[in-house]
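Right, one structure below, let's go through it.
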Amino acid sequence: MTSAAGGAGDKLSPSGIPLKTAYSPRDTPIDYAGDLNDPGRWPYTRGVQESMYRGRLWTMRQYAGFGTARETNERFKLLLAAGQTGLSVAFDLPTQMGLDSDSPRSLGEVGRAGVAIDSVEDMHQLLDGLPLDTVSTSMTINATASTLLAMYIVVAEERGISRSAINGTIQNDILKEYIARGTYIYPPEPSLRLISETFRFCAAEVPNWNPISISGYHIREAGATAVQELAFTLANTIEYVKRAIEAGLPVDSFAPRLSFFFASHNDLFEEAAKFRAARRMYARIMRDRFGAADSSCRMRFHTQTGGVTLTAQQPLNNVVRVAIQALAATLGGTQSLHTNGYDEALALPTEQAATLALRTQQIIAYESGIANTVDPLAGSYYVENLTDELERRAMELIEKSDELGGSEAAIAAGFFQEEIARSAYQHQLRVESGSTVVVGVNRFTDDEPPPPIPAPDFSRLEQGQRASLAELKSRRDTAKVTTTLAAIERSAEEMLRSDKAEPMMPLIIDAVRARATVGEIAAALGSKWGHYDPGA
């Protein structure tokens, strides 16, 4: 017989935490003021606002990017009409990598993974008719984040909207690109300096804009556990904050605008506990390491349901997975949420799937009762124990990163990458052995083929984007473009030698306004900074 306290029937959470059959107060001694406290009070375990969803629901921010700017604009308008409350832009790989659509390296990739943006003219089409002074926009962009932010600012100003009135986020998290995703351009040192410069610029010029969204999502998508997602995201945070302070920025001048991005996977309670642990860890790190004020210790984060958890087999099962993951995110107190379409393991989400994903959020918000009280899982012996254990294990990994010299050094040593690769391999072995059940994949299977999903004509799309870019280059003021790019090159060179380089963001804005392209601006920076080679 197995006792209520545990024993032969014990299981492991997806992060490898041993789970008892039942939990009691003995398992979860709580210092209420130090570990939990009331919602809206340090260490913010129970939420960053006193009233949380009773005062305001999370932002329903569906992620979209479809080939051309015009097509993506149409999807945004559809989602806003369906009740979406924020925008989230997916860019194609060339845009993420600092390549224009007419680059030989872009061949076959234009518009495939998101929207192709070559110039501010494309950005105008993307945002046409959208209320930029009232709707916030999140842009999943990293190496070219400063350029895309500059384009957003120029579009707003050319429409008569002040940069101080716009509201949104650039992901701008280059460290996780070296760890998990690979859409980097420059080496870490100049990349980190550019991020610090963006912090400075946003604090002074774009006060309602989040200059970074530090992402655990892509770390998790690469195969990390919830513990590793927490640890590596916060280790990267420590590096960014340290670099900004070294660049002369007082911590409280930029920390209130730091934002985060996490994944939500299928284990309802571990995921909800992860979000609670993340807030507490961040609050303690910011106060203890950097002396930040309480207002700078509030972790605000966006959540996306787990793309890697979606299956091509029996794709309608993904509707249930997404609902569970969205419930975990909202139980955990997310500030905004994207719910994946059930068909995303097959292709870009159809209109039907995208609308159903949004409806999933709306049903949770308005029908489940989840918004009636703050942190409804608080005091659960199980959830509080999981929250404590996730924090303890994640802090152990952060301490290992510290011992290696911090996040940049740990990345160079391959520490994060090896840890994630090991976890991903072990998970795959469990799926293949059947010890981790994936319904429709290794249990309860059938022989039904996945339904066909129509795909855009990417060849035609690419040709159209190249033609549009050629037309822009033929009519712009070439001399003005050359002058603005030369100024960027001078500042990039100075940035390598000194902390007193001419501020970069105003120069990028000048180049964007002159109709310089994403690829041209990236090339100007790369001519001085070089390109990152992970094997070097």
Side-chain angles (χ1 to χ4, degrees), residues 5-6 10-20 23 26-31 34-36 43-45 175-176 179-180 214-239 260 262-286 288-289 299 301 303 306 328-329 331-333 377 380-404 406-407 410-411 413-427 430 436:
D10 286 358
K11 295 180 179 294
L12 298 177
S13 81
S15 290
I17 298 172
L19 303 178
K20 295 185 176 183
Y23 286 78
R26 294 187 301 276
D27 300 303
T28 315
I30 295 174
D31 171 7
D35 294 334
L36 296 182
Y44 306 109
T45 310
L175 290 174
K176 66 97 174 53
I179 295 170
I214 306 167
S215 175
Y217 179 86
H218 300 100
I219 290 170
R220 190 67 178 279
E221 289 286 285
T225 64
V227 167
Q228 291 167 336
E229 181 186 4
L230 276 176
F232 301 158
T233 303
L234 287 165
N236 288 346
T237 302
I238 292 166
E239 188 77 44
F260 294 81
F262 289 111
S264 188
H265 280 207
N266 289 331
D267 192 291
L268 178 70
F269 296 107
E270 182 171 84
E271 293 301 304
K274 177 190 74 181
F275 299 126
R276 302 172 83 252
R279 278 192 296 271
R280 187 162 71 200
M281 290 173 67
Y282 179 69
R284 288 172 169 167
I285 287 168
M286 293 301 288
D288 297 346
R289 293 195 183 217
M299 172 185 268
F301 60 89
T303 307
L331 284 169
L377 295 182
S380 158
Y381 306 134
Y382 176 43
V383 171
E384 298 297 359
N385 184 277
L386 271 179
T387 302
D388 293 346
E389 190 64 14
L390 285 162
E391 179 179 12
R392 185 187 69 78
R393 291 179 177 229
M395 286 306 304
E396 287 180 353
L397 285 175
I398 290 175
E399 288 165 8
K400 290 181 181 179
S401 171
D402 290 340
E403 290 168 5
L404 290 168
S407 185
I411 291 167
F415 171 62
F416 296 161
Q417 300 93 312
E418 290 172 7
E419 288 286 317
I420 293 169
R422 187 179 303 112
S423 294
Y425 178 64
Q426 290 170 349
H427 172 75
R430 292 193 298 271
T436 290

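All values derive from a computational prediction rather than experimental measurement.
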Could you check whether any side-chain heavy atom of R430 comes within less than 4.5 Å of a side-chain heavy atom of L12, counting everything from C-beta outward?
no
Quick one: do K400 and E396 satisfy salt bridge (Lys or Arg N to Asp or Glu O under 4.0 Å)? Show the steps, please.
CA-CA 6 Å; K400 290 181 181 179; E396 287 180 353; over 6 Å; no
Say you draw a straight line from CD1 of I238 to CG of D402; how long is it, rounded to the nearest 0.5 Å?
5.5 Å
Take S401 and F416 through the side chain to side chain contact (heavy atoms under 4.5 Å, CB included) test and state the conclusion after the steps.
CA-CA 8 Å; S401 171; F416 296 161; 3.7 Å; yes
Apply side chain to side chain contact (heavy atoms under 4.5 Å, CB included) to the pair L397 and F415, showing each step before the final yes or no.
CA-CA 10 Å; L397 285 175; F415 171 62; 4.1 Å; yes
For I420 and A222, which heavy atoms make the closest approach, and how far apart are they?
CG2-O, 3.5 Å
For residues 226-234, please give each side-chain donor-acceptor pair under 3.5 Å, one per line with the distance, not counting sequence neighbours.
| from | atom 1 | to | atom 2 | distance (Å) |
| --- | --- | --- | --- | --- |
| Q228 | OE1 | T225 | N | 3.0 |
| Q228 | OE1 | S423 | OG | 3.0 |
| Q228 | NE2 | E419 | O | 3.2 |
| Q228 | NE2 | S423 | OG | 2.9 |
| E229 | OE1 | R220 | NH1 | 2.8 |
| E229 | OE1 | K274 | NZ | 2.7 |
| E229 | OE2 | A263 | N | 2.9 |
| E229 | OE2 | K274 | NZ | 3.4 |
| T233 | OG1 | G216 | N | 3.4 |
| T233 | OG1 | E229 | O | 2.6 |

Please check: side-chain N/O of N385 versus main-chain N/O of D27, any donor-acceptor pairing under 3.5 Å?
yes
Measure across A273 and L386 and return the closest heavy-atom pair with its distance rounded to 0.1 Å.
CB-CB, 3.7 Å
Does the side chain to side chain contact (heavy atoms under 4.5 Å, CB included) test come out yes or no for E239 and I411, once each step is laid out?
CA-CA 11 Å; E239 188 77 44; I411 291 167; over 6 Å; no
Starting at CD of E391, measure out to OG1 of T45 and round the result to the nearest 0.5 Å.
7.5 Å
With a sphere of 6.0 Å drawn around OH of Y382, does it hold more than 12 non-hydrogen atoms of other residues, nucleotides or ligands?
yes
Minimal non-hydrogen separation, Y44 against A283, with atom names
CD1-CB, 4.2 Å
Does the side chain of R284 reach to within under 4.5 Å of the side chain of M395, using non-hydrogen atoms?
no
Quick check against the 3.5 Å criterion: does S15 have a side-chain atom that pairs as donor or acceptor with the backbone of I17?
no
Evaluate the criterion salt bridge (Lys or Arg N to Asp or Glu O under 4.0 Å) for residue pair R280 and D388; output intermediate values, then yes/no.
CA-CA 10 Å; R280 187 162 71 200; D388 293 346; 2.7 Å; yes
Any heavy-atom pair between the side chains of F262 and M299 that's under 4.5 Å?
yes
Using every non-hydrogen atom in the two residues, find where L390 and A277 come nearest and quote the distance to one decimal.
CB-CB, 4.3 Å
If I compare all heavy atoms of G332 with all of R279, which pair ends up nearest, and what's the gap?
O-NH1, 2.7 Å
OG/S215 to CG/L175 distance, rounded to the nearest 0.5 angstrom?
11.5 Å
I'd like to know if the side chain of E271 and the backbone of H265 have a donor-acceptor N/O pair within less than 3.5 Å.
yes
Check the pair E384, R276 against salt bridge (Lys or Arg N to Asp or Glu O under 4.0 Å), reporting the backbone distance first and the verdict last.
CA-CA 9 Å; E384 298 297 359; R276 302 172 83 252; 3.0 Å; yes
Roughly how far, to the nearest 0.5 Å, is the CD1 atom of I219 from the CG atom of N236?
5.5 Å
Do L331 and V383 have side chains that approach each other closer than 4.5 Å (heavy atoms only, starting at C-beta)?
no
Would you sort out whether D35 and T387 count as a side chain to side chain contact (heavy atoms under 4.5 Å, CB included), showing the intermediate values?
CA-CA 10 Å; D35 294 334; T387 302; over 6 Å; no
